[in-house]
Amino acid sequence: MTIFRLGYVAMSKTLEKASPSQTMTYTRFQALPDREAAIRKLEAIARSNLHNTLRLLRHNQAHGIKFFRMSSRLVPLATHEELRDWRYISALTEELKAIGDYAKANEMRIDFHPDHFVVINTPDKEVFQRAMIVLKYHFMLLHAMGVDPTHRCVLHLGGQYQDKEHALESFIENWALVPYSLQKMIMIENDDKSFTLEDCLYVCEKLNIPLVFDLHHHLANHRDVNWVNEWSRVVDTWRSSPLPLKMHISSPKSEANFKSHADYIESEMFLDFVEKVDGTISQVDCMIEAKQKDEALFQLIKDLRDSPTIKMKSNTTFNWVEV
DNA sequence: GCCCGTCAAGGAGTA
DNA sequence: TACTCCTTGACGGGC
């Protein structure tokens with residue numbers, strides 16, 4: 001039997017006025033005459049984002065959702081080079097701790113997916129250093145929340161730079177330059193145009209990093225479309241993790257626009273995945289990446305509930321969500 | 001209250 | 001070499 005736990009990304013389509021990603025651009029920040037007042041404004045925005053994150057967790061708890069990816073934009077301009085002197089963690093200690101305490105009390109898995117500008121295999125030292133600053137920002141947020149940072153940040157392998165084999169080796173070389181505390185935080189995900197499941201397995205096995213398998217990306221970019229052949233290797237990358245295996249699930253927007261995410265999840269595709277995985281592992285945490293966010297999760301649960309296939313499979317357990 | 005340009009980032013693709 | 005596009009949600013000016 002496999003337990004499938006479903007989660008969603010960053011924001012809700014049903015909870016109103018609950019953005020965790022309110023922001024201020026550096027252009028606007030700079031335009032404010034009083035720098036101290038501008039920083040206090042940034043802190044007010046961050047507090048609102050953290051408050052809304054806690055509201056989202058409460059909303060999730062009410063619907064039985066125990067898995068959630070937080071926005072990486074919780075603290076606007078936190079990693080900007082002109083704001084290095086800003087001690088945002090100490091200004092936000094209470095709000096951060098409240099999120100961690102709530103997640104722990106309700107046995108929730110919360111994590112991050114820093115955006116694709118965090119590139120570890122880059123040949124550019126400045127780009128690498130900026131990547132470290134962004135990773136450190138995520139580390140400090142988790143630390144202040146009181147959440148064990150192990151395997152809480154999903155990254156891609158990076159750029160190909162006209163030579164994929166060399167780019168893979170660059171990742172391995174640059175990995176040695178990543179502080180151990182940040183290394184422990186990272187999971188690697190296959191992407192939809194450069195690095196396939198096999199490429200990621202090569203790196204993950206070599207460096208002992210858990211692999212987050214993205215089924216949609218795999219369908220868009222693969223060597224062998226039949227991912228089941230490599231499934232046991234994916235499972236093995238999670239052997240030393242304190243967390244269950246994590247997956248990304250999304251559906252293509254259209255044939256013409258295959259790589260973009262659709263509003264909802266095709267339940268047939270999801271059921272096909274469930275049938276292939278069921279019984280191979282005790283638990284799989286599936287991150288639903290759909291434009292309609294939690295609404296898509298609710299719809300998927302509804303579709304599954306109506307599915308004759310799932311009714312036949314009495315051994316399969318979902319964390320059912322009451323709509 | 002809606003529309004649309006702008007903001008930010010690194011890489012890929014094109015001229 | 002220089003540009004445009006990709007992606008994302010939010011912001012804010014214009015109407």
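Since this is a predicted model, take the numbers as computed values, not measurements. In the text below, chain A, chain B and the rest are named by the order of the sequence lines, each starting its count at 1. Side chains are part of it too, since the values below use all heavy atoms of this structure and drop only hydrogens, waters and symmetry mates.
In this entry the distance linking CZ of A:Phe117 with C1' of B:dA9 reads 3 Å, nearest Å. The CG atom of A:Leu135 sits 17 Å away from the P atom of B:dA9 (whole-angstrom rounding). The interatomic distance linking A:His156 (NE2) with C:dC6 (P) rounds to 18 Å, in whole Å. A:Glu126 has its CD atom 12 Å from the P atom of B:dG11, to the nearest Å. Distance, A:Leu74 CG to C:dG9 P: 14 Å, rounded to whole Å. A:Glu81 has its CD atom 13 Å from the C1' atom of B:dA9, to the nearest Å. The separation between A:His116 atom NE2 and B:dA8 atom P is 16 Å, rounded to whole Å. Counting to the nearest Å, the C1' atom of B:dG10 and the NZ atom of A:Lys193 are 10 Å from each other.
If you check C:dT8, B:dG11, B:dA12 against the side chain of A:Gln160, the one that comes closest is B:dA12. When distances run from any side-chain atom of A:Arg73 to the nucleotides C:dT8, C:dC11, B:dC7, the shortest one goes to C:dT8. Proximity note for A:Arg28 (side chain, C-beta onward) versus C:dG12, C:dG9, B:dA8: the nearest is C:dG12. Closest approach to the A:Gln22 side chain among C:dC11, B:dG11, B:dA8 is made by C:dC11 (side chain taken as heavy atoms from C-beta onward). Candidate nucleotides C:dG9, B:dG10, B:dA8 were compared by shortest atom distance to the side chain of A:Thr25, and B:dA8 ranks first. Residue A:Arg130 has its side chain nearest to B:dG10 when only B:dG10, B:dC7, C:dG9 are considered.
Across all strands, A:Ser71 comes closer than 4.0 Å to no nucleic acid atom at all (heavy-atom distances). A:Lys259 comes within 4.0 angstrom of nothing in the nucleic acid, heavy atoms only.
A donor and an acceptor atom, one from each side chain of A:Tyr264 and A:Asp303, are nowhere located under 3.5 Å apart. A donor-acceptor contact under 3.5 angstrom links the side chains of A:Ser48 and A:Gln22, judged on distance only.
The phosphate of C:dC11 has neither OP1 nor OP2 within less than 4.0 Å of any side-chain N or O from A:Thr23. Applying the 4.0 Å criterion to OP1 and OP2 of C:dG9, one finds that A:Lys293 has a side-chain N or O inside that range. Not one side-chain nitrogen or oxygen of A:Tyr26 sits closer than 4.0 Å to the OP1 or OP2 atom of B:dA8. A:Ser19 has a side-chain polar atom (N or O) that falls below the 4.0 Å cut-off from OP1 or OP2 of C:dA10.
Paired with A:His216 under the rule ring pair (Phe, Tyr, Trp, His ring centres under 6.0 Å), one option of A:Trp227, A:Phe273, A:Phe258 passes, and it is A:Phe258. Residue A:Asp294 forms a side chain to side chain donor-acceptor pair (under 3.5 Å) with just one option from A:His59, A:Gln299, A:His63, and that option is A:His59.
Between A:Asp111 and A:Lys246 a salt bridge is recorded (basic side-chain N to carboxylate O distance below 4.0 Å).
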